[in-house]
Amino acid sequence: MEWWRRFGPASGNEPKLADPFSRYVITTFVKGTNMGPYEAARHIPGVSGHELSYTANRHFSIVLLNEAIADLVNAHAQLDISQAWGDGTAVAADGTHMDTYLDNLLAETSVRYGKPGGIAYHHISDTYIALFTHFIPCGVWEAVYIIEGLLKNTSEVKPTTVHADTQGQSFPVFALAHLLGFDLMPRIRNWKDSTFYRPSKQSEYVHIDALFGEPGRNVIDWDLIESQFRHLMRVAVSVREGAISSSTLLKRLRSGSKKNATYAAFREVGRVIRTVQLLRYLSDAPLRRRVTAATNKVESFNRFSQWVGFGNRGVIADNDPVEQEKAMKFNALLTNAVIFHNALDIAEIVRQLLEEGWTIEPEDLAHISPYLTEHINRFGEYSTHELGIQPEAYDPKLDVDFAPLRDADPAAAGFGQAA
């Protein structure tokens, strides 16, 4: 697993650097922690601020950073210890506020967060690692990026269930997720404002009819769905094949006229799927625990990634939107590298305990999070002499049977807890 080999000049030629490996690792550390190159050069021997800035600008791109992130995700998925936290079939999406300079054309004041800046929008696997990261303006509707991150994820981890906070509730998002084969299950609150839709005017329910409002009201228009079904599938295939981005489509559907047949059809499909999901959420206590556990993980990742990106007090100094996006990718790459390293350390300690005769239950490991920070010193003089030492091959195997976790309720097994 050599993620640093992804980087190099845009020309594709060999890098004209004395030690490309060291420079790429150091640059990832500097940019991932949000330290400025010249500030970092004061604490890292053997490099200059100009060299770090040049390497970041000329040898790193958004595409290459995404590929390196996917390499780490794939390596993490091969570790047996990752099975203690999930099986990779679920992902949680959520955004966290990032400060930017005020004299920035893209800086907006967020109504939700109450301050200017942008949003780092992460898709976090149930195994704690970040699959994909966006940097989006505060003024956009976060839910439109739920599907986008799933489609742009190029790793071998392919989740089919996506969780989100209450912002993820939207008829068009439910509809598009269903058409693309994803099970969207957001965390739900404000039940009194939720509308349930009947399959027909004659449908009545013995114990829960009050949820659907007055008899004969809130009825699904199946004829509209049938008449527009071919068009809905064409749109879904266009999104899947990349002919149109899901975020662009959902923005149009959200602001589109209610008289537009495509908007109306997406809305009707979304009403069907959302009603089913509301009923599932209401009746299935283990499901509610899984949703809470997943959203807790992404919120914990937000805190952990901000802890990693401690430089410049967390303020994104670049005003160029491309550089802002790269800054988020650098931070996600470095955070994933720390998560991977922590997972290896946890596995090594488990092996030592097993050799000493301890019995390690998979439920115990499920309570441990790889978002560990106590052993990391972020400040001081950064030593680079170990970069030239070839690391030993790591062992992904662990003599622990994680099958019982798959059969039990994940939240009950400790999946809902994150450091």
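Throughout, residue positions are numbered sequentially from 1 according to the sequence presented.
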side-chain contact (heavy atoms from CB on, under 4.5 Å) between Gln83 and Leu398, intermediate numbers included
CA-CA 10 Å; Gln83 299 178 42; Leu398 199 60; over 6 Å; no
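- Taken to the nearest 0.5 Å, the OH atom of Tyr371 stands 9.0 Å off from the OG1 atom of Thr335.
- To the nearest 0.5 Å, atoms CZ (Phe21) and CD1 (Ile26) are separated by 9.5 Å.
- In this structure, His76 and Leu72 have side chains that are not in contact, with every pair of non-hydrogen atoms separated by 4.5 Å or more.
- The side chain to side chain donor-acceptor pair (under 3.5 Å) search around Glu268 returns Arg271, not counting sequence neighbours.
- Within the 4.5 Å cutoff, the side chain of Trp358 has no heavy atoms near those of the Gln352 side chain.
- In this structure, Phe7 and Trp3 have perpendicular ring planes: the angle between them is above 60°, well past the 30° mark.
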Are Glu348 and Tyr394 close enough, and set up right, to give a side-chain contact (heavy atoms from CB on, under 4.5 Å), and what steps lead you there?
CA-CA 9 Å; Glu348 182 59 31; Tyr394 62 85; over 6 Å; no
Going through the distances and angles, do Ile346 and Leu372 end up as a side-chain contact (heavy atoms from CB on, under 4.5 Å)?
CA-CA 10 Å; Ile346 293 170; Leu372 304 175; 4.0 Å; yes
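- Under 3.5 Å, the side chains of Gln277 and Arg274 contain no donor-acceptor pair of N or O atoms.
- Between Leu52 and Ala40, the shortest heavy-atom contact is CD1-CB, 4.3 Å.
- Proximity of a side-chain donor or acceptor of Asp183 to a complementary backbone N or O of Thr160 within less than 3.5 Å is not detected.
- Between Val308 and Asn331 the shortest side-chain heavy-atom distance falls below 4.5 Å.
- For the pair Tyr197 and Thr195, the minimum side-chain heavy-atom distance is below 4.5 Å.
- With salt bridges taken as basic N to acidic carboxylate O contacts below 4.0 Å, none links Arg187 and Asp94.
- The salt bridge (charged side-chain N to carboxylate O under 4.0 Å, His left out) pairs that include a residue from residues 204-228 are Arg198-Asp209, Glu214-Arg217, where partners are two or more places apart or lie in different chains.
- Note: His59 and Tyr24 have tilted aromatic rings, judged against thresholds of 30 and 60 degrees for the angle between ring planes.
- Between the side chains of Asp126 and His163, no donor-acceptor pair of N or O atoms lies under 3.5 Å.
- Asp284 places no side-chain N or O within 3.5 Å of a backbone atom of Arg280 that could act as its donor or acceptor partner.
- Lys158 places a side-chain N or O within 3.5 Å of a backbone atom of Asn153 that can act as its donor or acceptor partner.
- The ring-ring contact (aromatic ring centres under 6.0 Å, His included) with His122 is formed by just one residue from the set Tyr145, Phe135, Phe301, Phe304; it is Phe301.
- How far CD1 of Ile146 is from CG of Asp165: 7.5 Å, rounded to the nearest 0.5 Å.
- For Ser125 against Val157, the heavy-atom pair with the smallest separation is OG-CG1, 4.3 Å.
- What you find for Ala332 and Ile69 is that their closest heavy atoms are CB-CD1, 4.1 Å.
- Using modelled atom types, no side-chain atom of Trp85 and backbone atom of Ser369 make a donor-acceptor pair closer than 3.5 Å.
- Separation of the Phe60 and Phe330 ring centroids falls under the 6.0 Å cut-off.
- The two atoms that bring Leu405 and Ala366 nearest to each other are CD1-CB, 4.3 Å, heavy atoms only.
- Identified under the salt bridge (charged side-chain N to carboxylate O under 4.0 Å, His left out) test for residues 326-342, with sequence neighbours left out: Glu323-Lys326, Glu325-Lys329.
- Not one N or O on the side chain of Thr127 forms a donor-acceptor pair closer than 3.5 Å with the backbone of Ser82.
- Phe340 has its side chain within reach of Leu344: a pair of non-hydrogen atoms, C-beta onward, lies under 4.5 Å apart.
- Between the side chains of Arg303 and Ser300, at least one donor-acceptor pair of N or O atoms lies under 3.5 Å.
- Counted within 6.0 Å of OH on Tyr205, heavy atoms from surrounding residues, nucleotides or ligands total more than 12; the atom is thus considered enclosed.
- When side chains are defined from C-beta on, Thr275 does not count as touching Ile220, because their heavy atoms never get closer than 4.5 Å.
- Atom CG in Leu333 sits 11.0 Å away from atom CH2 in Trp4 (nearest 0.5 Å).
- A side-chain N or O of Thr262 and one of His231 form a donor-acceptor pair less than 3.5 Å apart.
- Asn74 places a side-chain N or O within 3.5 Å of a backbone atom of Ala70 that can act as its donor or acceptor partner.
- Across Ile129 and Ile339, no two heavy atoms sit closer than the pair CA-CD1, 4.4 Å.
- Side-chain contact between Leu180 and Leu151 is present, with heavy atoms from C-beta onward closer than 4.5 Å.
- Across Phe266 and Ala175, no two heavy atoms sit closer than the pair O-CB, 3.3 Å.
- With sequence neighbours excluded, no residue forms a salt bridge (charged side-chain N to carboxylate O under 4.0 Å, His left out) with Glu156.
- A donor-acceptor pair is defined here as one N or O able to donate and one able to accept, closer than 3.5 Å; such a pair exists between the side chain of Asn34 and the backbone of Gly311.
- Applying the salt bridge (charged side-chain N to carboxylate O under 4.0 Å, His left out) definition to pairs two or more places apart or across chains, those involving residues 393-403 are Arg351-Asp395.
- Applying the salt bridge (charged side-chain N to carboxylate O under 4.0 Å, His left out) criterion to Arg5, with sequence neighbours excluded, gives Glu2.
- Considering CG of Asn302 and CH2 of Trp307, their distance stands at 16.0 Å, rounded to 0.5 Å.
- Side-chain atoms of Asp318 do not come within 3.5 Å of backbone N or O of Asp320 as any donor-acceptor pair.
- With 3.5 Å as the limit, one finds no donor-acceptor pair spanning the side chains of Thr100 and Gln324.
- Leu282 is listed as a side-chain neighbour of Leu211, based on a closest heavy-atom distance under 4.5 Å.
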side-chain contact (heavy atoms from CB on, under 4.5 Å) between Asn66 and Lys152: does it pass, once the steps are laid out?
CA-CA 9 Å; Asn66 283 336; Lys152 289 187 175 181; over 6 Å; no
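- A distance of 8.5 Å separates OG1 in Thr161 from CZ in Arg290, rounded to the nearest 0.5 Å.
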